[in-house]
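A quick note: this is a predicted structure, and the numbers were derived from the prediction, not measured. Numbering of ligands and ligand atoms starts at 1, following listing order.
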Amino acid sequence: MTKIERLSDNVYVFTSDRYVQVTAGVVLTPDGAIVIDTLPYEDETRFMRDFIEGKLGSVVRYVVNTHFHSDHVFGTWIFTGAQVVAHALCAELLHTRTREALKRAQQDSPDMAKVQIVLPHVTFRTSQFRLTLGGKTLILTHSPGHSPDLVTVLVNEDRVLFASDTVMSVPSIAGTGGSLKNLLGSLHDVVLTDVEMLVQGHGDVILRGEIRDSVRGQIRYLQTIDAHVRRTLKRRLSKETLAKFLLVSTNLVKVQMGGLAENLHQTNVNALYDQLRRSVRPYPSTPRATARPVRKPAAAKRASPVRKAAKPAPRRAAEPAMRKAAQPKAKGKPAKTMPALRKVDTGRKRTLVKARKSK
Ligand SMILES: [Zn+2]
């Protein structure tokens with residue numbers, strides 16, 4: 001059954017028990033209610049609407065979509081007559097990615113048959129947007145990282161922050177446009193926001209005294225997986241080796257979210273590997289092999305790549321280094337033209353530096 005909690009006189013949070021503890025909020029004002037996200041299944045969001053109209057005697061004027069992910073927006077259509085508010089990027093992604101996701105969901109699940117995508121009526125591209133109604137001010141802040149369009153919603157008068165998926169027991173960066181770097185920035189912003197209560201996109205409400213530790217723990221987790229994946233790439237280890245890097249090896253030990261926590265973690269590290277593989281340069285392994293013979297002059301003469309590299313124009317000197325650097329990658333994926341071209345320059349610089357040092 002959907003859980004309802006009253007966080008202050010006018011602020012409620014609903015938590016799904018059918019799909020990974022997704023949360024949705026309601027802010028009550030004398031002029032109507034504002035809903036922040038919806039719940040994944042039709043009956044859950046209908047339950048919300050019935051509670052707002054029946055128990056609270058209000059009408060929903062606005063629905064804020066915090067980001068385009070299905071589990072947060074599939075119930076928007078139930079609030080007919082409400083104005084939908086979202087970041088402009090969210091509107092674009094709803095139109096493309098969420099529509100595609102809905103088609104797939106409707107093929108798999110009869111529960112989704114009636115769901116329709118509602119495109120936002122009010123959008124903004126600024127870093128903040130204020131939504132006011134009946135004496136309440138909701139401050140929507142762009143908070144990219146989990147997804148590029150995400151906004152957090154601060155109920156200013158009540159100091160309740162609906163952080164959406166910027167704050168999750170296991171931070172998630174694996175979806176479309178997810179970015180670890182951006183999420184770190186957004187989490188730092190959350191730490192600096194002075195609030196009484198923080199509603200995560202999934203899971204329990206976090207109270208004032210626990211917010212900083214909890215969010216800092218998530219920052220540390222992201223830094224840990226970033227370092228691990230970079231090390232993996234530098235050591236030229238395959239993506240498969242990441243399967244041994246379990247969630248228990250990070251600082252996040254007491255994580256709820258059912259069995260999904262480990263999945264989320266694995267999806268994160270795999271996505272990060274793909275994101276970083278073009279920018280992280282492996283430790284030089286083969287250049288060392290060519291450097292060794294330099295100590296023994298006789299062997300150096302025999303090492304033909306070195307001689308070839310030293311003699312002709314600098315462009316040629318760069319080529320063997322470039323090819324060597326590209327080889328391990330070529331095992332998994334065919335090398336593409338652009339990254340290879342970029343490597344010509346960096347490879348050349350390296351060779352030149354080496355040459356200078358060896359003098
Ligand atoms: Zn999400």
Can you list the protein N, O or S atoms less than 2.8 Å from the Zn ion (ligand 1)? H67 NE2, H69 ND1, H146 NE2, D165 OD2
Between E100 and R97, is the closest basic N to carboxylate O distance under 4.0 Å? yes
What pair of heavy atoms forms the shortest contact from S16 to E44, and how long is it? OG-OE2, 2.5 Å
Residues at least two apart in sequence or cross-chain that pass ring pair (Phe, Tyr, Trp, His ring centres under 6.0 Å) with Y221, listed by chain then number, are H265
V151 versus F129: any side-chain heavy-atom pair under 4.5 Å? no
Where is the tightest heavy-atom contact between L7 and M197, given as atom of each residue plus distance? O-CE, 3.0 Å
Sidechain-backbone polar pair: T38 side chain, G75 backbone, donor-acceptor under 3.5 Å: yes
